[in-house]
Chemist: 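Sending over a structure as structure tokens; questions will come in a sec.
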Amino acid sequence: MSVYFHNIDPVRFDPDADGLAYRHYNPEEVVMGKRMEDHLRFAICWWHNFAWQGGDPFGGQTFDRPWFGDTMDHAKLKADAAFEMFNILGAPYYCFHDADMRPEGADFAENTRNLEEMVDYLGQKMADGGPKLLWGTANLFSHRRFMSGAASNPDPDVFAFSAATVKTCMDATQKLGGENYVLWGGREGYETLLNTDLRRESEQMGQFLSKVVDYKHKIGFKGAILIEPKPQEPTKHQYDYDVATVYGFLKKYGLEEEVKLNLEQGHAILAGHSFEHEIAMATSLGLLGSIDMNRNDYQSGWDTDQFPNNVPEVALAYYEILKSGGFTTGGTNFDAKLRRQSLDPVDLIAAHVGGMDVCARGLKAAAAMLMDGGLENARAARYAGWDTAEAQAMLHNGTLDSITADVLAKGINPQPRSGQQEVLENLVNRFV
Ligand code: XLS
Ligand code: NI
Ligand code: NI
């Protein structure tokens, strides 16, 4: 029986359909030896779709959903609607924060009871053939107790409350068979340096993450622990700024083999990078875990979490992912929300159908570019000089003295060569 999405049929692949249909996302289509569904591993997020009420800094709720409310009955109705939507979309995965799916309790113990009851409820729905869990996470940023951070809080009680909450969320993720556990440090940062001790806060975050990794091993969680970088918003400055910054942090605490990254397109843009830059940086460091495929508005300068709709951008992102061998535990999560005027149930469905189609087109374009080989051949040719034994010997064994002697003896006099940017851009344009 339908609880919310009345009269909306399951969405199918049908390029010639009139109404709602996938025109590019065909889960069964084999791309570079793998089904499209297994490449993309789409996930639907709980929070923006079912918990967010349509507010913005200047106005409150615009959406009218029957499950808005603070009781367990509301939370279960919300879960019923969520699974109805997952089934209409045929999505293979979903993601949640604790606070999206359980009502807020009076204290930690009540939060935990509410969460456990909801985990059992979701477990039954998943057993009935619903989607799997791509990742779970703890919301350590909405409640006022977290206003000065979670692990990085000046108050050790908040550190303790946060650590205990993460434990319950890791337990929930494991119980639901989650394939990853995410940490996004929404308020791990500062508003003003005038009241902030950077050294202490970094140490607290390092110890916190080490405890998370220890607990993962203790409970035998098979999934990956992922950090989600973001440079700012809600705090003025967030510590997990971007891929390179997080890598430095992981190295400092010896966690670079234990933790990978969940990269979000909009966060890359906020950090002044392209999404493909962040993905390429992560793959070059062996840190790619999963992605949140939601974009920002390029003019407004904040995290607008819109559904992807730019195929060339998405294609370059998947190009880097495919080149590195594709996802293992990770996938493509839509951490995206409707615009607040999009009130209707069908808007939620259309948003995801569009986003999934854009990703499918991007994936196919990326695969075509890789199989064509033009970009990789050009890249290899550009660095070919480094493939000689002589160049490698200089790189690894040369000293400034020996190199200088060589430059003089061989009369080395470098001749600049074209970087061919326009030629390569034209090549990409053939596929997108
Ligand atoms: C917010 C983040 C958040 C994480 C999960 O900007 O993207 O939604 O993905 O906590
Ligand atoms: Ni975000
Ligand atoms: Ni995100």
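Every number for a ligand or one of its atoms is a count from 1 in the order of the listing. What you are looking at is a predicted structure, and each value in this text was computed from that prediction instead of being measured. Residues: numbered from 1 along the sequence shown.
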Chemist: Leaving out waters, which are not shown anyway, how many protein N, O or S atoms lie closer than 2.8 Å to the Ni ion (ligand 3)?
Modeler: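 If we list every protein N, O or S atom nearer than 2.8 Å to the Ni ion (ligand 3), we get 4.
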Chemist: Just jot down the side-chain contact (heavy atoms from CB on, under 4.5 Å) partners of V423, sequence neighbours excluded, or say none.
Modeler: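 With neighbours one apart ignored, the set is Q420.
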Chemist: Among the N/O/S atoms of D303, which is closest to the Ni ion (ligand 2)? Give the atom name.
Modeler: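 This residue's closest N, O or S atom turns out to be OD2.
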Chemist: With ring pair (Phe, Tyr, Trp, His ring centres under 6.0 Å) as the test, pick out the partner of W46 among W135, Y93, Y94.
Modeler: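 Passing option: Y94.
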Chemist: Output, or 'none' if empty, a list of ligand 1-protein atom pairs in which both atoms are N or O and the distance is under 3.5 Å, rounded to 0.1 Å.
Modeler:
from, atom 1, to, atom 2, distance (Å)
ligand 1, 6 (O), K230, NZ, 2.9
ligand 1, 6 (O), H267, NE2, 3.0
ligand 1, 6 (O), D303, OD2, 3.1
ligand 1, 7 (O), E228, OE2, 2.7
ligand 1, 7 (O), E264, OE1, 2.7
ligand 1, 7 (O), H267, NE2, 3.2
ligand 1, 7 (O), D335, OD2, 2.7
ligand 1, 8 (O), W47, NE1, 3.3
ligand 1, 8 (O), D335, OD1, 3.4
ligand 1, 8 (O), D335, OD2, 2.8
ligand 1, 9 (O), E228, OE1, 2.7
ligand 1, 9 (O), E228, OE2, 2.9
ligand 1, 9 (O), D292, OD2, 3.1
ligand 1, 9 (O), D335, OD2, 2.8
ligand 1, 10 (O), H97, NE2, 2.7

Chemist: Which pair of heavy atoms, one from L133 and one from M126, lies closest together, and at what distance?
Modeler: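 The answer is N-CE, 3.8 Å.
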Chemist: Aromatic ring centroids of F161 and H143 under 6.0 Å?
Modeler: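 Not close enough - the centres of the two rings lie 6.0 Å or further apart.
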Chemist: Nearest heavy-atom pair of P154 and S148: which atoms, and what distance?
Modeler: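 Taking every non-hydrogen atom into account, CD-O, 3.8 Å.
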Chemist: When V358 is tested against each of V314, N310, V353, L363 for side chain to side chain contact (heavy atoms under 4.5 Å, CB included), which residue passes?
Modeler: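 Among V314, N310, V353, L363, the one meeting side chain to side chain contact (heavy atoms under 4.5 Å, CB included) with V358 is V314.
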Chemist: E188 and S152: side-chain donor and acceptor closer than 3.5 Å?
Modeler: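 Present: a donor and an acceptor within the cut-off.
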Chemist: Look at the rings of W47 and H97 and say which category their plane angle falls in: under 30° parallel, 30 to 60° tilted, over 60° perpendicular.
Modeler: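 Geometry flag for H97 against W47: perpendicular rings.
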Chemist: Do any pairs count as a ring-ring contact (aromatic ring centres under 6.0 Å, His included) and have a residue in residues 205-246, sequence neighbours left out, and if so which ones?
Modeler: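 As it turns out, the ring-ring contact (aromatic ring centres under 6.0 Å, His included) pairs with a partner in residues 205-246, which skip direct neighbours, are F159-F208, Y190-H237, H237-Y241.
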Chemist: Looking at side-chain heavy atoms only, is the closest gap between F146 and N153 below 4.5 Å?
Modeler: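 Not touching, per the 4.5 Å side-chain cut-off.
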